[in-house]
Every structure is written in structure tokens, then in C-alpha cells.
Student: 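Take this structure, written in C-alpha cells, and hold onto it; I'll ask about it next.
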2 protein chains.
Amino acid sequence: MRISALAELSGVPVATIKFYLREGILHSGARTSATQADYDETHVRRIALIRALIGPAGLSISAAKTLIGSLEAPPPEFHDLLGAAHSASPRVMGDVDEATEAEAIGIIERAGWTNCSGENRDALASALAGLRAADFTLKDETFDLYAAAMTTVADDEVRRIPTDSLQAAVEYVLLGTVLVEPVLLAMRRLAHERASARIFADRAAEE
Amino acid sequence: MRISALAELSGVPVATIKFYLREGILHSGARTSATQADYDETHVRRIALIRALIGPAGLSISAAKTLIGSLEAPPPEFHDLLGAAHSASPRVMGDVDEATEAEAIGIIERAGWTNCSGENRDALASALAGLRAADFTLKDETFDLYAAAMTTVADDEVRRIPTDSLQAAVEYVLLGTVLVEPVLLAMRRLAHERASARIFADRAAEE
DNA sequence: CTTGCTTGGATAGTCTCACTGTCTAATAAT
DNA sequence: ATTATTAGACAGTGAGACTATCCAAGCAAG
């Protein structure tokens, strides 16, 4: 198919497709002449993936490019796979003081998360620094509950990593890491609504 | 204190503080003369809050402004409070087709999240559309596990909302909604590391 | 009291990001 | 033969978050 058909099918303007081609985030079509190239289903799917990554998942073009690169040329070690997925969506880090750092380490130790990379520990510390900046304190029990909930989630996810094919495992890990994040956040908010509605009902019943 | 001292204390350049003042996201100091104003501890704390919101929490300046506005002039109804917190950090939405919409509704119903707002349902649908765009399918059990985990989290959070003071409740809900998100995501990644390390150990042991 | 630094306020400039528009020469469609 | 489309190059746009420059009015030190 030609670029206009690709634009039609994917719902993305031709100019934007050309931009993705220039950025190297979309593979080029098969050249049929000096002014024509042939695009196929893989291009449609790639564009859909790009839109998903830079949309709901919140990645930048360059982060999406890195991630897609890892998809196509997966790191040889499984361990590097997680790292690639995690570094694909870099969190904005704020300043972290020592007390916050210590708090993060405390949470990590209580959760039994040994052998964790500095990167994710720093991300947690930075998030805690945000809470601290707002004078927002949470009880240790709450952190432990968060840790337990995320352990449940992560255990299931890791357990479900396909073992038959490396390519399938790569896709599962890279995409699952990034694309599930908005799902979880949306669900938390839905659960908030539900929980607060129930509390309302309880309070109304008391009167 | 003068603006240069405020800059020193908060670690933010004077020019940026002036920018925050212009944007109305930082309240102005007490004027002591035509060319001088007095800033205090509230300004230091506000700047820290702003940095936390636009940093790790990923809010834009205008979203942060809205949220801070709600903090200072809380909506009268508790129900509106959650809405204010949720709309303060607007998710980027992608295109959602009917099947995805139906999938979202299915998940919501199975989780027992009735009375949910369209906004959050759309956010979930949009996140699911991202998965679908990447041909990433999750089993219903996985979604249900996510839902259960988030219900646990949200129930605890809502239960801990302070009931003694309205102001305290407002701060808890608004800030907790937004600032805890990066905490949860960082924890999920830490738990991934741990889970994958354990699987490695198991596989190594099998050999 | 003068010399120089600081401030508030206004305005304009910078940098990044993710596009979007324009142009050209070569081709494809009719 | 005429009209439409395309690849590729390059310049322009608009939003967002600052950053820099000016100016007149203080304030501070010698």
C-alpha cells in the first residue's frame, strides 16, 4: 500500500508518518521506485504501537524508539530485558535527601526486595521525596500494604512470562512493563471511587 | 526573607520563582516597599510542593495550579474532592473502539466497581486500547488480580482519610491521589526485579 | 550622600518536543 | 498529456517550562 493508504488505515496524517520515518521509529517501506514505497501490515501495527507508547504510556519519541529497538534486537540476557524496559520510561527525578533515601531502603528491606538496582531504588526515593515535600506522611503499614500489593502483581506478571519463545518473552516484558502502568493507575482511581461511594453509603446509613 | 534567600533555600533559581509568581501558582510575598517583598516558610513549602507535583508526579504547571487551588478552596462535597484530584492529572487518551470499551466495562463489572465516573472508565479503556494496539493480551484472571490489588490499596487509602478536619481530608485525598502514583509504579518495578531474580535462582537450581 | 547591588514587574528570548507545511523532482494514474 | 501522488529535505509552528534582559525604585556600605 502507499503512504496515503497507510495514513488512512492508521488514522495518522501523512506528515506525521514521514516524521516517524525520519526519526527512525518506523521502518521504511519497500522501495518500488524513486518516488514510491510499499507499506504493509507491519507498518500499520508499528504505528499503532507508537501511538500507544507515546499516548497512554507517556513515553517520549526517543524512549519509544529505544524500546522498539530492544524489541527488534533483544538483549541476550533476560536480566537486561527488565533493565531495558525500565530504562525505556525514565521517571523524572527530584532531589532526594539522605533521610528519604534511608526510608526507601527501609521499605525495600521490609518488602524483601533484595538485589534491586539503584535505578529503581532511586525512583522510589524520588517518589517518597515528593510525598515529603508535601508533608505527606504515610504509615509504615501503608507502605507495606503497597509493597504486598505490588509483589502480588509482579509475581503474577513474571510467572506469566512466556518461556517457549525468546521473542514472545521480550515482547511480554518490554510492553507489559510500560503499557500496564496506565491500566493499574486507572484501576486505582476506579477503586477509589468505589471505596468512597461505599463510605458515603455507610455514613448515610448511620444517620 | 528576600527572594534571593528563598531561591537559596528552595534550590530554585530566582527567575523560576518569579515565573511561578507570574503564573499564580506561588502566592506573592508581603510587600515591604515598592521593590521588596517578604517571603516566609509557606513559600518554601509551596515551592517544594510545586516541584514534587511537576517532577515525579508528572503534572503540568496548569494542572498543579488547579490542584493547589482546590487545596486552598476545597470543593464543598467530598465526592467532588476525588473528582478534583482525578482531573488534576489528566491522562492522555488514545482512540478507543467499541470492543475495548466493552472490555473495560467487563473488568469494571467483575471488580464490582459500580457508580464509577465516565472519566476513569475512559482512562481504563484508553489504557486497554494501548495494550490492544500492541497485540498484548492479558487473561481475565490477570485483570481480576490487578483489580483486587488496586481494591486493597484503595480501600486502605480511603479508610485512612482523616475525618477530624476537612482541610486534612482535602490534603490527604488530593495529594495522595497524585503523589502516591509514582510510589506504586516504582514499587512494581522493584517487585519485578525481585520476582525475576527468584525465577532465575529457581531455574539455576533446576540445572 | 553617592556608589553599587538587589528587587519587583514587565517583556522578550530560549530550548525541547512533537509535529506540520512547503518545495522539488520523479513518478503513477487516467 | 495532464493531473495527482510520492520521497525526501528542510523550514516553520505551538505548547510548555523556563531564562534573560531591562528598568525604575529601593537598600546598604563607606
Side-chain angles (χ1 to χ4, degrees), chain A residues 1-40 43 46-47 49-68 88-90 92-95, chain B residues 1-40 43 46-47 49-68 88-90 92-95:
Chain A
M1 89 186 73
R2 305 197 294 179
I3 200 170
S4 55
L6 179 59
E8 183 81 18
L9 221 70
S10 62
V12 170
V14 172
T16 304
I17 293 176
K18 284 186 176 185
F19 169 69
Y20 290 159
L21 287 167
R22 269 201 311 284
E23 293 292 301
I25 196 175
L26 175 64
H27 51 293
S28 33
R31 290 296 293 272
T32 59
S33 84
T35 64
Q36 218 88 7
D38 195 49
Y39 302 95
D40 57 27
H43 295 89
R46 170 62 58 84
I47 289 173
L49 175 58
I50 293 169
R51 302 303 288 204
L53 291 177
I54 67 181
L59 266 63
S60 65
I61 291 276
S62 71
K65 184 178 176 180
T66 308
L67 196 148
I68 288 173
S89 58
V92 184
M93 301 282 187
D95 297 350
Chain B
M1 87 184 75
R2 305 195 292 178
I3 200 170
S4 54
L6 179 59
E8 183 82 18
L9 221 71
S10 61
V12 171
V14 172
T16 305
I17 293 176
K18 284 187 176 184
F19 169 69
Y20 290 158
L21 287 166
R22 269 201 310 283
E23 293 293 299
I25 196 175
L26 175 64
H27 51 293
S28 34
R31 291 296 293 272
T32 59
S33 85
T35 65
Q36 219 89 6
D38 196 48
Y39 302 95
D40 58 28
H43 295 89
R46 170 63 59 85
I47 289 174
L49 175 59
I50 294 169
R51 302 303 286 205
L53 291 176
I54 67 181
L59 266 64
S60 67
I61 291 276
S62 72
K65 184 178 176 179
T66 309
L67 196 148
I68 287 174
S89 57
V92 184
M93 301 282 189
D95 297 351

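In what follows, chains carry the letters A, B, and so on, assigned in the order in which the sequence lines appear, proteins first and then strands, with residues in each chain numbered from 1. The figures here come from the full heavy-atom set of this structure, side chains too, leaving out hydrogens, waters and symmetry mates.
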Student: Looking at B/Asp95, I'd like to know if its CG atom is crowded, meaning that more than 12 non-hydrogen atoms belonging to other residues, nucleotides or ligands lie closer than 6.0 Å.
Tutor: no
Student: Which value, rounded to the nearest 0.5 Å, describes the distance between B/Leu26 atom CG and B/Ile50 atom CD1?
Tutor: 5.0 Å
Student: To the nearest 0.5 Å, how far apart are CG in B/Leu67 and CG in B/Leu59?
Tutor: 6.5 Å
Student: Please list, by residue number, the residues of residues 53-67 of chain B whose heavy atoms come closer than 4.0 Å to an atom of DNA chain C; answer none if no residue qualifies.
Tutor: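 Heavy-atom contacts with DNA chain C come from no residue of residues 53-67 of chain B; none.
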Student: In this structure, how many angstroms lie between the P atom of D/dA7 and the CE atom of A/Met1, rounded?
Tutor: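 To the nearest whole Å, that distance equals 12 Å.
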Student: Rounded to whole Å, how long is the line connecting atom CG of B/Leu21 with atom P of C/dT7?
Tutor: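 So the two atoms are 13 Å apart, to the nearest Å.
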Student: With rounding to the nearest 0.5 Å, note down the distance linking CG in A/Leu9 to CE in A/Met1.
Tutor: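 Reported value, rounded in 0.5 Å steps: 5.5 Å.
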Student: Restricting to pairs with a member in residues 12-23 of chain B, which pass side chain to side chain donor-acceptor pair (under 3.5 Å), not counting sequence neighbours?
Tutor: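 Residue pairs passing side chain to side chain donor-acceptor pair (under 3.5 Å), neighbours aside: B/Tyr20-B/Arg51.
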Student: Treating primed atoms plus P, OP1 and OP2 as sugar-phosphate and everything else as base, which nucleotides of nucleotides 24-30 of chain C get B, S or - for protein heavy atoms under 4.0 Å?
Tutor: --BSS--
Student: Which pair of heavy atoms, one from A/Leu21 and one from A/Ser28, lies closest together, and at what distance?
Tutor: CD2-CA, 3.7 Å
Student: Enumerate the residues from residues 7-20 of chain B whose closest heavy atom to DNA chain C is under 4.0 Å, giving them by residue number; use none for an empty result.
Tutor: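 Here the set is B/Lys18.
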Student: Does D/dT6 have OP1 or OP2 sitting under 4.0 Å from an N or O in the side chain of A/Tyr39?
Tutor: no
Student: Measure CG/A/Leu26 against P/C/dA18 and give the value in whole Å, please.
Tutor: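 In whole Å, C/dA18 P lies 16 Å from A/Leu26 CG.
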Student: How close do B/Leu53 and B/Ala64 get, counting heavy atoms only, and between which atoms?
Tutor: CD1-CB, 4.0 Å
Student: Could you tell me the separation between the CZ atom of A/Arg22 and the C1' atom of D/dA7, rounded to a whole number of Å?
Tutor: 11 Å
Student: Verify the contact: side-chain N or O of A/Arg31 to OP1 or OP2 of D/dG8, cut-off strictly under 4.0 Å; return yes or no.
Tutor: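 Answer yes for this pair, as a side-chain N or O of A/Arg31 is under 4.0 Å from OP1 or OP2.
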Student: Can you name the nearest heavy-atom pair linking B/Ala7 to B/Pro13, along with the distance?
Tutor: CB-C, 4.3 Å
Student: Not counting sequence neighbours, which residues clear side chain to side chain donor-acceptor pair (under 3.5 Å) with B/Asp40? List them please.
Tutor: B/Thr42, B/His43
Student: Given atom CD of A/Glu23 and atom P of C/dT20, what is their separation to the nearest angstrom?
Tutor: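 From A/Glu23 CD to C/dT20 P: 13 Å.
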Student: Which whole-number value in Å describes the distance from A/Asp38 CG to D/dA7 C1'?
Tutor: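 Taking atom C1' of D/dA7 as the reference, CG of A/Asp38 is at 14 Å.
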Student: After noting the C-alpha distance and the side-chain angles of B/Phe19 and B/Ile25, does the key distance pass the side-chain contact (heavy atoms from CB on, under 4.5 Å) rule?
Tutor: CA-CA 9 Å; B/Phe19 169 69; B/Ile25 196 175; over 6 Å; no
Student: For A/Ile3 and A/Val14, which heavy atoms make the closest approach, and how far apart are they?
Tutor: CD1-CG1, 4.0 Å
Student: Touch check for B/Ser28, heavy atoms < 4.0 angstrom, all strands: base, sugar-phosphate only, or nothing?
Tutor: nothing
Student: Could you tell me the separation between the CZ atom of B/Arg2 and the CG atom of B/Asp38, rounded to the nearest 0.5 Å?
Tutor: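 Answer for the CZ-CG pair, B/Arg2 versus B/Asp38, is 10.0 Å.
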Student: Mind listing the closest non-hydrogen atom pair of A/Ile17 and A/Ser10 along with its distance?
Tutor: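 The pair with the smallest heavy-atom distance is CD1-OG, 4.2 Å.
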Student: Can you see which heavy atom on A/Gly94 is nearest to which on B/Pro56, and at what distance?
Tutor: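 Smallest interatomic distance, heavy atoms only, reads N-CG, 4.4 Å.
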Student: To the nearest 10 degrees, how far apart in direction are the end axes of the helix from C/dC1-D/dG30 to C/dT30-D/dA1, each fit to five base pairs?
Tutor: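 It comes to 0° between the two terminal axes.
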